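Just so we're clear, the structure is a prediction, and the values are computed from it rather than from any experiment. We count residues from 1, following the sequence as given.
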Amino acid sequence: MKARFLGIPELVETPPVAVVVDVMRACTVAAWAFAQGAEKIVLAESLDEALALKARHPDWVALKDGPPAPGFDAVNSPGLLRSLDLGGRTVVQKTTAGTVGALAVKDASLVLCAGFVVAEATARFLRGRGGDSVTFVVTGEDGRADEDLACAQYIARRVTEDVTDADGFLRRAGASRAARELAEGVRQGVHPDDIALCLELDRFPFAMVATSEDFLMVLRPHPGHA
């Protein structure tokens with residue numbers, strides 16, 4: 001498999017297959033939302049769109065980056081989200097990097113969203129699908145976020161290798177700028193367990209596939225095979 005690793009600004013054309021990686025924290029939060037029973041996640045283009053969707057669907061759960069805000073039900077923190085019962089609910093998610101990256105490749109024939117928590121399921125999905133080219137969208141820091149790049153490189157290795165040592169990739173992510181900012185309280189809407197939860201390898205057995213539904217980009221869990 002030929003793997004490319006691009007930041008959002010480098011996406012000059014739509015790739016056929018894209019894996020959007022946001023370890024800290026959008027894709028990890030999405031996985032936790034599914035684990036807490038969410039049926040689907042709608043990826044909003046803006047805070048205004050997220051609020052408009054919430055207004056039209058009051059039973060939906062609106063989620064954003066940063067501190068709590070009027071109109072939103074939750075923040076982009078796996079540690080905080082894990083206490084919510086989302087059984088059968090639709091989540092609307094708007095974040096700084098993860099949702100932006102997914103929407104940037106919305107016209108791709110296949111879009112997966114991934115973090116370490118669904119790494120093996122994502123690799124298994126890609127192996128089952130076959131194909132010779134995958135573009136990994138490294139969402140953080142215009143493609144320079146080492147936690148996202150490390151995760152993307154790990155998943156790419158898992159697609160082609162029988163055994164891959166994850167320790168080095170997880171260490172890189174744990175030493176990243178994003179991890180440091182979470183630990184130091186630079187970012188708001190944070191739970192003390194967020195970093196550990198973002199680095200929990202293969203916590204969940206599903207891949208996450210985004211498709212277009214009624215002019216919205218919708219993320220759903222999928223068994224880790226194509």
Side-chain angles (χ1 to χ4, degrees), residues 1 3-11 18-33 35 63-67 75-82 93 95-102 104-105 112-124 126 134-205 207-208 224:
M1 181 191 77
R4 297 191 305 165
F5 306 93
L6 301 179
I8 297 171
E10 299 172 296
L11 293 167
V19 179
V20 179
V21 182
D22 188 339
V23 173
M24 297 183 184
R25 294 166 282 170
C27 293
T28 303
V29 165
W32 268 98
L63 180 156
K64 64 176 281 293
D65 267 342
V75 296
N76 192 46
S77 159
L80 295 170
L81 195 74
R82 65 183 171 174
Q93 186 182 36
T95 69
T96 306
T99 58
V100 174
V105 292
L112 299 170
C113 292
F116 281 110
V117 292
V118 293
E120 185 61 29
T122 304
R124 191 163 59 244
L126 291 169
V134 176
T135 297
F136 289 86
V137 183
V138 179
T139 60
E141 301 176 40
D142 291 337
R144 297 186 301 274
D146 204 34
E147 74 281 3
D148 295 339
L149 182 58
C151 182
Q153 290 171 338
Y154 175 73
I155 293 171
R157 292 270 293 272
R158 290 297 305 126
V159 175
T160 58
E161 295 180 350
D162 291 334
V163 178
T164 307
D165 186 353
D167 289 350
F169 299 96
L170 291 168
R171 279 197 299 272
R172 283 170 54 194
S176 67
R177 173 182 171 183
R180 185 167 63 252
E181 289 181 352
L182 288 173
E184 294 174 354
V186 174
R187 303 187 185 191
Q188 295 180 291
V190 178
H191 187 279
D193 293 342
D194 277 357
I195 297 171
L197 293 173
C198 289
L199 300 180
E200 196 168 12
L201 187 66
D202 303 330
R203 170 72 186 245
F204 305 115
M208 299 187 293

Minimum heavy-atom distance between [X] and [Y], given as atom pair plus value:
{"X": "Ala166", "Y": "Leu201", "answer": "CB-CD2, 3.6 Å"}
{"X": "Gly98", "Y": "Ala26", "answer": "CA-CB, 3.9 Å"}
{"X": "Ala173", "Y": "Ala179", "answer": "O-CB, 3.6 Å"}
{"X": "Val19", "Y": "Ala114", "answer": "CG1-CB, 3.9 Å"}
{"X": "Ala156", "Y": "Phe5", "answer": "CB-CZ, 4.0 Å"}
{"X": "Leu197", "Y": "Pro78", "answer": "CD1-C, 3.8 Å"}

Could you grab the distance from atom [atom1] of [X] to atom [atom2] of [Y], nearest 0.5 Å is fine?
{"X": "Ser176", "Y": "Ile195", "atom1": "OG", "atom2": "CD1", "answer": "8.0 Å"}
{"X": "Leu182", "Y": "Met24", "atom1": "CG", "atom2": "CE", "answer": "6.5 Å"}
{"X": "Asp165", "Y": "Tyr154", "atom1": "CG", "atom2": "OH", "answer": "8.5 Å"}
{"X": "Arg124", "Y": "Ile155", "atom1": "CZ", "atom2": "CD1", "answer": "12.0 Å"}
{"X": "Trp32", "Y": "Leu81", "atom1": "CH2", "atom2": "CG", "answer": "9.0 Å"}
{"X": "Gln93", "Y": "Asn76", "atom1": "CD", "atom2": "CG", "answer": "5.5 Å"}

Worksheet item: Side chains of Thr96 and Asp65: is there a donor and an acceptor less than 3.5 Å apart?
Response: yes

Between [X] and [Y] (side chain of the first, backbone of the second, donor and acceptor by atom type, cut-off under 3.5 Å), is there such a pair?
{"X": "Arg171", "Y": "Gly174", "result": "no"}
{"X": "Asp22", "Y": "Ala97", "result": "no"}
{"X": "Glu10", "Y": "Gly7", "result": "yes"}

Going by heavy atoms in the side chains, are [X] and [Y] under 4.5 Å from each other?
{"X": "Arg157", "Y": "Phe169", "value": "yes"}
{"X": "Ser77", "Y": "Val190", "value": "no"}
{"X": "Val105", "Y": "Leu11", "value": "yes"}
{"X": "Val29", "Y": "Leu63", "value": "yes"}
{"X": "Val134", "Y": "Leu126", "value": "yes"}

Worksheet entry | side-chain contact (heavy atoms from CB on, under 4.5 Å) assessment of Leu112 paired with Met208 | CA-CA 6 Å; Leu112 299 170; Met208 299 187 293; over 6 Å; no

Practice prompt. Decide if atom CZ of Arg172 counts as having more than 12 heavy atoms of other residues, nucleotides or ligands within a radius under 6.0 Å.
Written response: yes

Item to complete: Decide, yes or no, whether a salt bridge links Asp193 with Arg82 under the criterion of side-chain N to carboxylate O below 4.0 Å.
Response: yes

Item to complete: Before accepting this row, confirm whether a basic side-chain N of the pair Arg25/Asp194 lies closer than 4.0 Å to the acidic partner's carboxylate O.
Response: yes

Fill in: Check against side-chain hydrogen bond (donor to acceptor under 3.5 Å, both in side chains), Thr135 and Arg4
CA-CA 5 Å; Thr135 297; Arg4 297 191 305 165; 2.9 Å; yes

Could you list the donor-acceptor pairs under 3.5 angstrom formed by side chains in residues 136-144, with sequence neighbours left out?
from   : atom 1 : to     : atom 2 : distance (Å)
Thr139 : OG1    : Val21  : O      : 2.8
Thr139 : OG1    : Asp148 : OD2    : 3.3

